[in-house]
Amino acid sequence: MGSIELKSVEKWYGDAQVIKGIDLSIHEGEFLVFVGPSGCGKSTLLRMIGGLEDISRGTLEINGKDVTGHPPAKRGLAMVFQSYALYPHMSVWDNMAFGLKTAGAPKAEIQEKVDYAAQTLQLEPYLQRRPKDLSGGQRQRVAIGRSIVRDPTAFLFDEPLSNLDAALRVEMRHEIAKLHRSLQSTMIYVTHDQVEAMTLADRIVVLEFGKIAQVGTPRELYERPQNTFVAQFIGSPKMNLMSCTTQGGAYKLDGARGGSYDFTDNAIQIGVRPDHIAMGKVGTGQCDGVVDLIEYLGSDSFVIVDCGAVGRINVRCVGGTELDIGEKVGLSFDADKLSFFDKDGMRVS
Amino acid sequence: MGSIELKSVEKWYGDAQVIKGIDLSIHEGEFLVFVGPSGCGKSTLLRMIGGLEDISRGTLEINGKDVTGHPPAKRGLAMVFQSYALYPHMSVWDNMAFGLKTAGAPKAEIQEKVDYAAQTLQLEPYLQRRPKDLSGGQRQRVAIGRSIVRDPTAFLFDEPLSNLDAALRVEMRHEIAKLHRSLQSTMIYVTHDQVEAMTLADRIVVLEFGKIAQVGTPRELYERPQNTFVAQFIGSPKMNLMSCTTQGGAYKLDGARGGSYDFTDNAIQIGVRPDHIAMGKVGTGQCDGVVDLIEYLGSDSFVIVDCGAVGRINVRCVGGTELDIGEKVGLSFDADKLSFFDKDGMRVS
Amino acid sequence: MQDNLNRPTAKTPMAKREERLAWGLLAPTLISVALVVVLPLVAIFWISFKPIELADLRPPTPIVKEALRGSAEKLRIEYRLRNSSRSEAIRDVKIVDELPLEVTLREPLPQSCALDKRQLTCSFERLEPGYNEKIIFPVTADNEDAAEEIVESSEPQVTGTADNILTNFEFTLENFARVFDGSQFISVLGVTLFYTVFGTIGALVVGLFAALLLDKSFRGQGILRGLYLFPYVAPVIAVAFSWLILFDPFSGSANALLIQMGVTDEAINFFGDRPLALIMVTVFEIWRYFPLSFLFILARMQSIDSEMYEAADMDGASPFQKFWYLSIPQLLGILSVLFLLRFIWTFNKFDDIFLLTGGNAGTRTLTVSVYEEAFAISNIGAGAAVAVVIFMCLVAFSLFFFRFISQEEGL
Amino acid sequence: DSLRFWTTEEQPERLAKQQEMAAQFKAETGTDVEVIPVSENDLGTRATAAFAAGDLPDVIYHTLQYALPWAEAGILDTDAATEVIADLGVDTFAPGAIAMAAYEDGTASVPVDGWTQMIVYRKDLFEEKGLAAPTTYANVEAALKELHNPPSMFGFVAATKVDENFMSQVLEHVFLANGVSPVSSDGFSPLDEAKTTDVLEFYKAIVEASPPGDLYWKQSRELYFSGNAAMIIWSPFILDELAGLRDSAPPTINDDPTSPALASKTGVVTNFAGPSNPDGAAWGDIRYFGITADADTDTAMDFVKYSMDQGYTQTLSIAPEGKFPVRRGTSENPTQFVDAWAKLPVGVDRKAPLGDLYAQDMIDEIVGGLDVAQRWGVKEGQLSLASKIINSQIINRVVRQYLDGDVSAADAVAAMNDELSQVE
Amino acid sequence: MIKLRRKAITSIFVGLVWTFVAATITAIALSFATGLPYKPDMVWIVIGGALAGFFVTHSRLAALASGAALAIAGMLGFGIVTSGDAAAVFTNSFTHLLSATIAVGGTYAITKVAPKGALSRHEFEEIIIRLLTAIGYVFFTAIVLIPFYVMVMTSFKNQSELVQNPLDFSLDLSKGWGLFRSYVELFADFNFGIYLANSMVISILTVFITLAFSIPGAYAVARLRFSGQAAFSRSILLIYMVPMIVLALPIYIAFSLTGLRNSIFGIILIYPVTTIPVALYMLQGYFRGLPGEIEEAGLMDGLSRLAVIWKITLPLSLPAIASVSLYVFMIAWNEFLLAFMLLDDPSKFTLTRGIASLNSSEIPRQHLMAGAVIATVPIMALFLGLERFMTKGLTAGSVKG
Ligand SMILES: Nc1ncnc2c1ncn2[C@@H]1O[C@H](COP(=O)(O)OP(=O)(O)OP(=O)(O)O)[C@@H](O)[C@H]1O
Ligand SMILES: Nc1ncnc2c1ncn2[C@@H]1O[C@H](COP(=O)(O)OP(=O)(O)OP(=O)(O)O)[C@@H](O)[C@H]1O
Ligand SMILES: [Mg+2]
Ligand SMILES: [Mg+2]
């Protein structure tokens with residue numbers, strides 16, 4: 001129980017179309033993450049699933065039942081909001097029990113479910129506190145607890161961690177991952193944080209201006225981005241994109257050298273991640289350049305190499321590097337890891 | 001011109017001591033970064049240098065001159081604020097010219113300096129706009145431009161990039177680095193973002209509760225943290241810390257194996273970064289554990305290994321990994337890269 | 001602890017500069033407020049212990065009027081000297097006047113007067129209360145008309161000292177005795193409390209209802225919101241008279257309407273009958289001030305995180321449940337603050353009742369009493385005593401208020 | 001020079017007339033007169049306040065009730081008034097009017113005009129039912145029985161609004177009719193219980209035949225004008241309005257607000273009698289020019305003299321229907337002003353001499369009232385005490401309590417006597 | 001209770017209540033507009049309302065039909081409103097059409113949200129809330145508009161028209177400019193021109209003086225650190241709580257003694273002091289909300305504190321200053337007590353004082369109401385024109401009454 005099916009779902013605000021026809025099936029028990037730049041419609045889509053926004057066109061099915069027009073309460077979903085949206089005047093216990101109370105559940109059942117959730121989330125010491133007396137992470141846990149007690153068909157999360165500080169974010173991320181493992185419920189998670197998306201998702205949906213740019217596992221997205229948008233959006237620092245021409249089984253960078261090319265289609269752009277570039281002597285590899293900036297990060301250094309007409313290329317050196325600014329280097333790309341894109345920005349494969 | 005000297009500087013708010021005696025000399029032309037957790041006093045310290053907060057005790061010298069009691073206007077410093085703090089009722093041009101105007105500079109000079117700054121920062125097309133009609137990055141540039149025109153002894157930056165989105169932040173970071181290279185002025189920069197601190201700084205000052213935890217170059221901080229606070233604060237994901245005992249030239253992890261130890265002092269903790277751990281067969285290396293979580297990030301994967309009594313240890317695998325959750329592995333630490341800390345959390349070296 | 005002992009005590013130069021500037025900026029306000037608020041408050045306490053009527057405000061002064069009267073051998077300069085007070089004597093009265101060259105004295109001066117060159121001086125040891133006498137100097141003049149002009153154009157100077165009841169040290173408790181005397185006080189207090197409590201609660205409840213109506217966005221919402229603020233924004237005198245005319249028992253539309261609809265057979269005297277008048281002024285108060293509560297409650301409502309309601313939607317709460325379990329608890333803070341503030345303001349209210357009923361027909365509140373005592377009956381002391389009572393009540397309220405408000409959201 | 005002149009005649013038309021006279025005075029003497037309207041209800045407070053502040057006007061046009069209290073409070077310059085009267089000739093004034101304001105050796109203020117209160121009744125209805133004119137308590141009560149038929153017809157519209165002077169006036173009128181007075185030549189004299197009870201019962205009877213609520217001159221006139229009241233007590237100022245000569249107070253008995261129809265249906269009674277006082281009495285009021293203590297005395301005196309002499313007809317013409325001349329003429333022509341007055345047209349928006357509107361016998365009745373005009377304390381020389389008693393509104397209040405059924409008649413009398421005895 | 005939550009039953013209830021409201025408002029509105037005796041008829045309200053509620057649920061067509069039925073029944077003499085003028089066919093049909101449309105249309109609109117049959121708790125409550133909302137709008141609009149309507153209309157009538165039929169507010173347009181007679185007289189004979197000018201001058205001066213005092217004060221309280229700052233910001237509220245009547249008495253005495261009573265100068269002296277605490281309170285709230293960093297940027301740019309206030313804080317606070325000015329203007333314009341106590345001479349009256357003097361004698365009522373309109377119109381015009389600032393001003397400062 002917990003499959004969700006979106007069929008040509010659209011959302012219009014007046015004349016503006018915000019969600020532009022989305023077809024998506026979400027499998028039972030899946031952890032699905034929506035990512036995309038700000039304003040691309042992630043929250044809107046999630047809220048449409050939850051019933052907080054109405055669906056302008058298209059249908060939504062939960063467990064095979066059309067729920068397009070149903071109010072939120074009838075969809076059996078639970079939502080965790082970015083700002084937690086706890087009831088500030090109620091104790092933690094009451095916050096978690098509220099949904100059950102309004103549904104008129106018997107006292108004993110409420111008690112049992114709330115206690116169970118509190119235990120799972122290690123909230124027992126705080127049950128009598130008000131939300132304002134909790135830390136950010138604890139509040140987030142209460143928000144999750146409030147969802148759990150209702151045994152929902154699926155959980156909806158809207159950037160649940162973005163109000164937490166970095167360290168806490170890592171910790172809560174691990175907890176959510178564990179929660180998913182133990183509950184095995186369907187979870188739909190919105191974030192704009194790549195790390196969260198990559199580490200949590202079974203599948204990631206990348207949205208671009210209300211359309212799906214790509215759906216796939218994190219590895220698919222990283223290794224085989226379907227278009228330049230995904231290619232640049234996923235991965236940090238982002239993938240280097242260079243113009244190229246292809247001819248006769250070989251590609252050639254504009255203004256530099258090239259390599260072999262075994263696709264039939266004509267690619268005009270080549271993408272290579274900073275990880276997949278090796279530095280060598282000038283004249284070796286695909287192109288030459290001058291070291292423009294070295295960013296030392298401890299575990300890695302990123303060397304930004306100015307390759308003239310080819311552009312500025314970011315190269316990762318695991319650990320430190322001995323290079324100096326102004327040094328000339330040659331860059332060679334790992335042939336297996338190259339991505340090629342055609343003039344529409346679509347992957348050529 | 002641009003050396004700044006802090007001598008036993010303290011700051012009290014009523015009975016609360018926020019800055020606890022800081023001695024620091026900032027060299028001319030240096031790029032100095034204050035980092036530290038939220039509330040540790042970074043902004044306060046910066047504002048004391050700028051003259052926006054008074055110095056409760058101690059002295060501040062700029063270019064060898066005591067300016068402790070001087071108002072901001074007399075210190076010849078420029079500041080770039082987190083919220084940009086542009087004058088909303090003035091055009092970009094006026095914003096930049098304002099400081100010169102109040103100083104009574106001749107028209108021609110104002111015009112020249114503002115034009116030069118606008119050119120440097122590529123702000124020329126926007127000179128007649130109001131701040132509200134600019135994007136975040138442009139606003140930030142105006143704020144910097146406003147500082148530049150005044151030819152200040154030193155620049156003070158208080159988390160100037162934290163209101164920008166990730167992509168823009170990277171770009172502006174590069175611009176600030178270049179600016180420093182071209183102006184060669186003293187710059188003092190507050191941030192809580194490690195990446196900014198590591199990549200920009202000539203020297204980093206790590207603050208902890210109003211005290212200096214360590215001052216040094218990024219590499220010193222990363223490779224030889226002086227205490228556990230710095231060790232854990234710098235580097236992401238953070239350094240693994242484990243309890244250990246030392247005896248007769250050898251260390252032993254509590255509940256696991258150990259290795260050689262060539263210091264005389266008694267260390268009780270050992271620190272090793274996720275980068276410096278290799279995974280092998282069970283029984284090899286310093287300890288064994290079970291893979292608890294794998295976080296795939298594309299370029300790297302982080303494997304969290306549950307080592308029982310030793311704790312959960314984070315290991316970096318460059319690129320992907322073939323491990324599965326639940327698999328047993330042995331971890332071996334890179335002997336050169338270990339840090340040892342005594343019972344006060346201070347480095348033993 | 002060690003640290004605290006170590007705290008620097010001397011003010012830094014910067015702090016000192018700031019402090020000086022602050023006091024400089026505040027000085028004009030401080031002085032004016034002191035003059036117009038603090039000083040009057042002190043004065044009112046002083047006056048409340050004095051047996052003083054409106055007319056006593058005029059300090060006893062000698063008044064002198066000079067005229068050239070009569071003609072020929074009856075020609076005389078008359079100084080009419082009076083004591084302005086009928087209860088206090090004036091001592092050491094001295095008249096000084098210039099005797100014009102155009103006239104010559106015909107008779108020797110009376111004893112109390114002396115002439116030095118042309119300067120005429122008369123002194124009196126004591127003018128009895130109500131003293132009113134003429135001092136006559138028979139004179140001759142060549143041109144009587146011209147002389148009259150000249151004589152009367154020079155004003156005689158008069159000085160004298162008298163006890164001023166405002167500043168002397170005569171005190172009495174009579175004013176307070178009068179205030180607390182009899183059933184009058186109890187009834188006034190009762191009326192005040194009724195008016196205050198029901199006026200405040202009514203305005204809150206009605207305001208809450210109005211805020212609920214407008215807490216959604218629809219076209220025309222802005223217009224309605226503006227409209228609902230009219231009662232508060234319009235001058236009180238305009239709306240009070242409109243109400244009086246609307247509810248006039250003889251030619252008011254309200255009565256005509258009620259009679260026509262068959263609700264009542266006889267005209268109702270809304271502002272003239274006990275206890276209806278009190279209810280009506282309270283209703284007026286509610287009508288006039290619900291916009292304020294409405295404005296505040298609406299502002300608070302719109303600042304409530306809408307995600308909370310969405311969470312409740314997900315939790316399956318019904319509209320009334322949302323109102324009762326979520327909105328009301330969220331509004332409790334602003335409601336109690338509003339209640340306290342409005343309570344105090346309603347307690348202080350004067351204009352409305354004064355204009356509607358003048359305090360008649362059982363609508364006399366403490367504030368109206370101040371006016372009645374001090375001006376209608378001209379007993380300023382008694383009025384001040386009532387004012388002191390009001391002030392003491394307010395001090396009590398305010399103490400309570402600050403106790404309470406410090407825990408509530410700051411206003 | 002300039003004078004400040006407070007007047008209670010504050011309707012714009014009347015104000016205009018006074019300003020006209022001020023202008024004439026200025027033309028004559030070069031002295032500016034600023035005519036300042038003050039509403040009658042505020043006059044007492046305002047005068048006291050101005051006295052306290054030392055900025056009294058020069059001349060105040062005021063009613064009888066203030067003359068002596070103000071003289072005593074030092075607000076009035078009685079010497080100046082006495083001198084004016086002497087200059088104009090004491091014998092040109094109606095002696096009663098002078099006597100009413102007698103103060104020490106002179107006169108507190110200069111009498112200007114006067115009128116008497118009247119019972120205005122619907123002659124047509126009285127005739128229809130064969131009722132006698134309401135000249136006595138008994139006649140009124142008899143008429144109430146016949147005519148009271150609310151809400152279309154109220155027998156009476158009595159005064160019940162405690163804080164209105166109107167109620168004091170009406171009550172005093174009714175008390176005087178039965179010969180009851182709270183003052184004697186020795187000062188306060190307790191109200192006679194039996195006589196007062198008669199008065200109270202009579203008053204209760206007319207209040208019961210009145211509409212509910214706080215009533216005063218306004219409702220009386222409105223209801224009478226709309227044809228919903230059979231009797232009211234009013235001043236002669238109503239006479240022009242009755243005839244539809246004033247748009248701001250039109251008769252609404254028929255659709256034509258300018259019709260004199262109601263006037264022709266109306267009768268008046270000035271001399272009213274109770275069971276214990278068969279001769280009856282009329283409540284009269286005289287108005288005065290008071291010269292104040294802060295006045296520019298000579299100029300003020302000139303102004304008053306002017307108003308009472310060359311300007312007197314102008315003064316009376318403000319509202320001839322309610323301003324009967326108190327100064328009858330000059331020493332040369334002893335009836336000069338009376339004659340001029342009779343010819344003055346009344347009305348505001350339309351004009352006509354009174355004689356054209358009412359039958360001569362009614363005019364005689366109206367004017368004759370001044371001969372029997374009375375006030376508490378006038379005969380006894382205790383006007384000032386009586387004024388204080390009236391101003392204290394004790395009688396109004398207690399009577400209202402009695403009317404509301406809060407106290408019995410006997411208790412009411414006792415309460416009044418008790419409280420009044422403390423007035424000094 | 002659950003059983004009763006069926007759409008049909010709920011609709012009948014809504015029909016009853018709403019039909020009653022519809023009949024009442026139609027009757028009142030038409031009475032006020034024409035002066036004729038319209039009144040709601042309870043019997044037909046109960047019958048018609050219940051039937052309408054019952055039929056309306058079925059479909060839009062049924063709703064239309066029941067509306068028509070109600071209107072026709074009305075014309076036949078069984079209307080929910082008894083027509084004031086049953087003889088006039090046009091008015092009569094208009095009346096019944098109007099009342100039936102409001103009654104049935106409203107009932108339909110209120111109940112249409114819910115499906116037929118048994119209602120869930122949500123749906124039931126939704127209907128009730130819609131009913132309450134509709135009644136709320138009618139109620140509030142009525143109580144707010146009626147007094148103002150009466151005020152304006154009365155000013156156009158004359159005494160006899162008013163006394164004859166207090167309900168008749170229809171305008172006799174044939175009078176043309178004669179309708180404005182009261183206004184003309186007020187300006188011609190009653191000095192309202194002067195009062196208006198006085199009020200204007202006094203209010204505007206009050207605004208300026210208040211700002212001149214309160215801006216520096218508010219800035220100091222909001223931004224500068226000095227000992228006593230906390231106590232100070234609290235006592236501002238305290239001053240707020242001293243009743244005017246308590247102060248008025250000593251002020252009256254002092255003004256009497258110093259000769260300031262009865263002078264416009266005295267009024268201008270005293271009004272700002274009553275508004276300074278309010279303005280101070282409002283402005284300091286606003287200043288606190290201004291980003292401190294902008295001012296600090298000014299300091300870094302070499303300005304002194306005072307220059308920062310003048311060149312940065314003030315331009316940034318213009319909206320707040322506008323709000324405060326409007327609010328202070330309103331207080332000064334509407335002020336009555338002090339003007340009433342301190343002013344005697346008509347040449348010095350403010351508008352409110354002038355209106356008070358209209359009440360005191362036999363001056364006709366339409367003059368009084370015309371005066372009220374003259375005083376109300378400017379403040380209303382300001383309010384409507386600058387609603388945003390005004391509302392802000394009210395919210396920020398006007399816990400005061
Ligand atoms: N009520 C509304 N009216 C009009 N447009 C809206 C409304 N709500 C959202 N939008 C628009 O819809 C688009 C999608 O908004 P949405 O909040 O879903 O973005 P998002 O992807 O969640 O962004 P973020 O990462 O910033 O939360 C945006 O362009 C937004 O401007
Ligand atoms: N006006 C003040 N009164 C009292 N304490 C203050 C005041 N301003 C700052 N503090 C305290 O001083 C400490 C340092 O504050 P500061 O703003 O310098 O921290 P920070 O390191 O800049 O933190 P962040 O990264 O969150 O900006 C904090 O604990 C803060 O609570
Ligand atoms: Mg979003
Ligand atoms: Mg900071």
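Throughout, a chain's letter reflects where its sequence line sits, starting with A, and its residues are numbered from 1. Values below: every heavy atom of this structure, side chains too, minus hydrogens, waters and symmetry copies.
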*Asks:* Would you call E/Pro147 and C/Trp243 a side-chain contact if the rule is heavy atoms closer than 4.5 Å?
*Replies:* yes

*Asks:* Measure distances from C/Leu298 to the heavy atoms of chain E and classify the residue's part below 4.5 Å as side chain, backbone, both or neither.
*Replies:* neither

*Asks:* Measure the shortest side-chain to side-chain distance between E/Val242 and C/Leu394 over non-hydrogen atoms and say whether it is less than 4.5 angstrom.
*Replies:* no

*Asks:* Answer yes or no: is there a side-chain heavy-atom contact under 4.5 Å between C/Pro235 and E/Ile379?
*Replies:* yes

*Asks:* Where does C/Leu54 contact chain E at under 4.5 Å (heavy atoms): side chain, backbone, both or neither?
*Replies:* side chain

*Asks:* Give, as side chain, backbone, both or neither, the part of E/Ala27 having an atom under 4.5 angstrom from any heavy atom of chain C.
*Replies:* both

*Asks:* Might you point out which heavy atoms bring E/Ser31 and C/Leu257 nearest each other, and give the distance in Å?
*Replies:* CB-CD1, 4.2 Å

*Asks:* Do you know which of E/Glu125, E/Met369, E/His122 has the most heavy-atom pairs under 4.5 Å to chain C?
*Replies:* E/Glu125

*Asks:* Does a side-chain heavy-atom distance below 4.5 Å link E/Thr133 with C/Leu212?
*Replies:* no

*Asks:* Could you check whether any side-chain heavy atom of E/Ile245 comes within less than 4.5 Å of a side-chain heavy atom of C/Asn348, counting everything from C-beta outward?
*Replies:* no

*Asks:* Mind checking whether C/Leu227 and E/Thr141 have side chains closer than 4.5 Å, heavy atoms only?
*Replies:* yes

*Asks:* Measure distances from C/Phe375 to the heavy atoms of chain E and classify the residue's part below 4.5 Å as side chain, backbone, both or neither.
*Replies:* side chain

*Asks:* Could you tell me whether the side chain of C/Asp352 reaches within less than 4.5 Å of the side chain of E/Phe336, counting heavy atoms only?
*Replies:* no

*Asks:* For each of C/Val36, C/Asn255, C/Thr367, tally heavy-atom pairs with chain E at distances under 4.5 Å, and name the one with the top tally.
*Replies:* C/Val36

*Asks:* List the atom of C/Leu213, the atom of E/Tyr137, and the distance in Å for their closest heavy-atom pair.
*Replies:* O-OH, 2.8 Å

*Asks:* Taking side chain as everything from C-beta outward and backbone as N, CA, C, O, which of these in C/Ala384 sits under 4.5 Å from a heavy atom of chain E? Side chain, backbone, both or neither.
*Replies:* both

*Asks:* Considering only heavy atoms, which portion of C/Lys216 lies under 4.5 Å from any heavy atom of chain E: side chain, backbone, both, or neither?
*Replies:* side chain

*Asks:* Please look at C/Trp46 and chain E and tell me whether the side chain, the backbone, both or neither of the residue comes under 4.5 angstrom of a heavy atom of that chain.
*Replies:* neither

*Asks:* Looking only at non-hydrogen atoms, find the nearest pair between E/Ile143 and C/Trp287 and report the distance.
*Replies:* O-NE1, 2.8 Å

*Asks:* Checking C/Leu25 against E/Ile309 for the side chain to side chain contact (heavy atoms under 4.5 Å, CB included) test, could you report, in this order, the C-alpha distance in whole Å, the side-chain angles of both residues, the deciding distance, and whether it holds?
*Replies:* CA-CA 11 Å; C/Leu25 292 177; E/Ile309 299 179; 3.9 Å; yes

*Asks:* Where on E/Leu368 is there a heavy atom nearer than 4.5 Å to chain C: the side chain, the backbone, both, or neither?
*Replies:* side chain

*Asks:* Need one label for C/Phe397: side chain, backbone, both or neither, based on atoms under 4.5 Å from any heavy atom in chain E.
*Replies:* neither

*Asks:* Looking only at heavy atoms, which two atoms of E/Tyr38 and C/Met261 are closest? And how far apart?
*Replies:* O-CE, 3.9 Å

*Asks:* What distance do C/Ile245 atom CD1 and E/Met153 atom CE have between them, rounded to the nearest 0.5 Å?
*Replies:* 14.5 Å

*Asks:* Select, from E/Phe32, E/Tyr252, E/Tyr219, the one with the greatest count of heavy-atom pairs under 4.5 Å involving chain C.
*Replies:* E/Tyr252

*Asks:* Going from OG on C/Ser32 to CG on E/Leu269, what distance comes out if it is rounded to the nearest 0.5 angstrom?
*Replies:* 9.5 Å

*Asks:* If you measure from CZ on C/Phe320 to CZ on E/Phe124, what distance do you get to the nearest 0.5 Å?
*Replies:* 8.0 Å

*Asks:* Which answer fits E/Met380, side chain, backbone, both or neither, if we ask what part of it has an atom under 4.5 Å from a heavy atom of chain C?
*Replies:* side chain

*Asks:* Which atoms form the tightest heavy-atom contact between E/Pro250 and C/Ile44, and what is the distance?
*Replies:* CD-CD1, 3.4 Å

*Asks:* Taking every heavy-atom pair that is under 4.5 Å apart, which of E/Gly217, E/Ala212, E/Ala248 has the most such pairs with chain C?
*Replies:* E/Gly217

*Asks:* Where does C/Leu39 contact chain E at under 4.5 Å (heavy atoms): side chain, backbone, both or neither?
*Replies:* neither

*Asks:* Quick one: does C/Glu18's side chain have a donor or acceptor within less than 3.5 Å of a partner on E/Phe226's backbone?
*Replies:* no

*Asks:* Could you look at E/Val144 and say if it's the side chain, the backbone, both or neither that has a heavy atom under 4.5 Å from chain C?
*Replies:* both

*Asks:* At a 4.5 Å cut-off on heavy atoms, which part of C/Val206 comes close to chain E: side chain, backbone, both, or neither?
*Replies:* both

*Asks:* If I compare all heavy atoms of C/Ala374 with all of E/Leu249, which pair ends up nearest, and what's the gap?
*Replies:* CB-CD1, 3.5 Å

*Asks:* Select, from C/Ala210, C/Ser253, C/Ala387, C/Gly226, the one with the greatest count of heavy-atom pairs under 4.5 Å involving chain E.
*Replies:* C/Ser253

*Asks:* Does any backbone or side-chain atom of C/Phe350 lie under 4.5 Å from a heavy atom of chain E? Answer side chain, backbone, both or neither.
*Replies:* side chain

*Asks:* Select one option (side chain, backbone, both, neither) describing which atoms of C/Lys11 are under 4.5 Å from chain E's heavy atoms.
*Replies:* side chain

*Asks:* Would you give the length of the straight line joining atom CG of C/Leu246 to atom OG1 of E/Thr154, rounded to the nearest 0.5 angstrom?
*Replies:* 8.5 Å

*Asks:* Going from CG on C/Leu258 to NZ on E/Lys39, what distance comes out if it is rounded to the nearest 0.5 angstrom?
*Replies:* 12.0 Å

*Asks:* Below 6.0 angstrom between ring centroids: does that apply to E/Phe340 and C/Phe354?
*Replies:* yes

*Asks:* So which of E/Ala254, E/Pro40, E/Gly136, E/Pro277 has the largest heavy-atom pair count under 4.5 angstrom toward chain C?
*Replies:* E/Gly136

*Asks:* Say whether, by atom type as modelled, one donor and one acceptor occur between the side chain of C/Thr29 and the main chain of E/Ser214 under 3.5 angstrom.
*Replies:* no

*Asks:* So do the side chains of E/Leu280 and C/Val33 get within less than 4.5 Å of each other, counting heavy atoms only?
*Replies:* no

*Asks:* Count the heavy-atom pairs under 4.5 Å between each of E/Ala220, E/Pro243, E/Ala372 and chain C, then report the option with the highest count.
*Replies:* E/Pro243

*Asks:* Determine the interplanar angle of the E/Phe140 and C/Tyr228 rings, folded into 0 to 90°, and report it as parallel if under 30°, tilted if 30 to 60°, perpendicular if over 60°.
*Replies:* tilted

*Asks:* Counting only N and O atoms by type, is there a donor-acceptor contact under 3.5 Å from the side chain of E/Asn334 to the main-chain atoms of C/Val233?
*Replies:* yes

*Asks:* So for C/Ala240, is it side chain, backbone, both, or neither that comes closer than 4.5 Å to the heavy atoms of chain E?
*Replies:* neither

*Asks:* Can you tell me which of E/Ile129, E/Ile253, E/Val150 forms the most heavy-atom pairs within a distance under 4.5 Å of chain C?
*Replies:* E/Ile253

*Asks:* To the nearest 0.5 angstrom, please state how far the CZ atom of C/Arg17 sits from the CZ atom of E/Arg305.
*Replies:* 10.5 Å

*Asks:* Given heavy-atom pairs under 4.5 angstrom as the criterion, report whether the side chain, backbone, both or neither of C/Val37 touches chain E.
*Replies:* both

*Asks:* Relative to chain E, which segment of C/Leu21 carries a heavy atom at a distance below 4.5 Å: side chain, backbone, both, or neither?
*Replies:* both

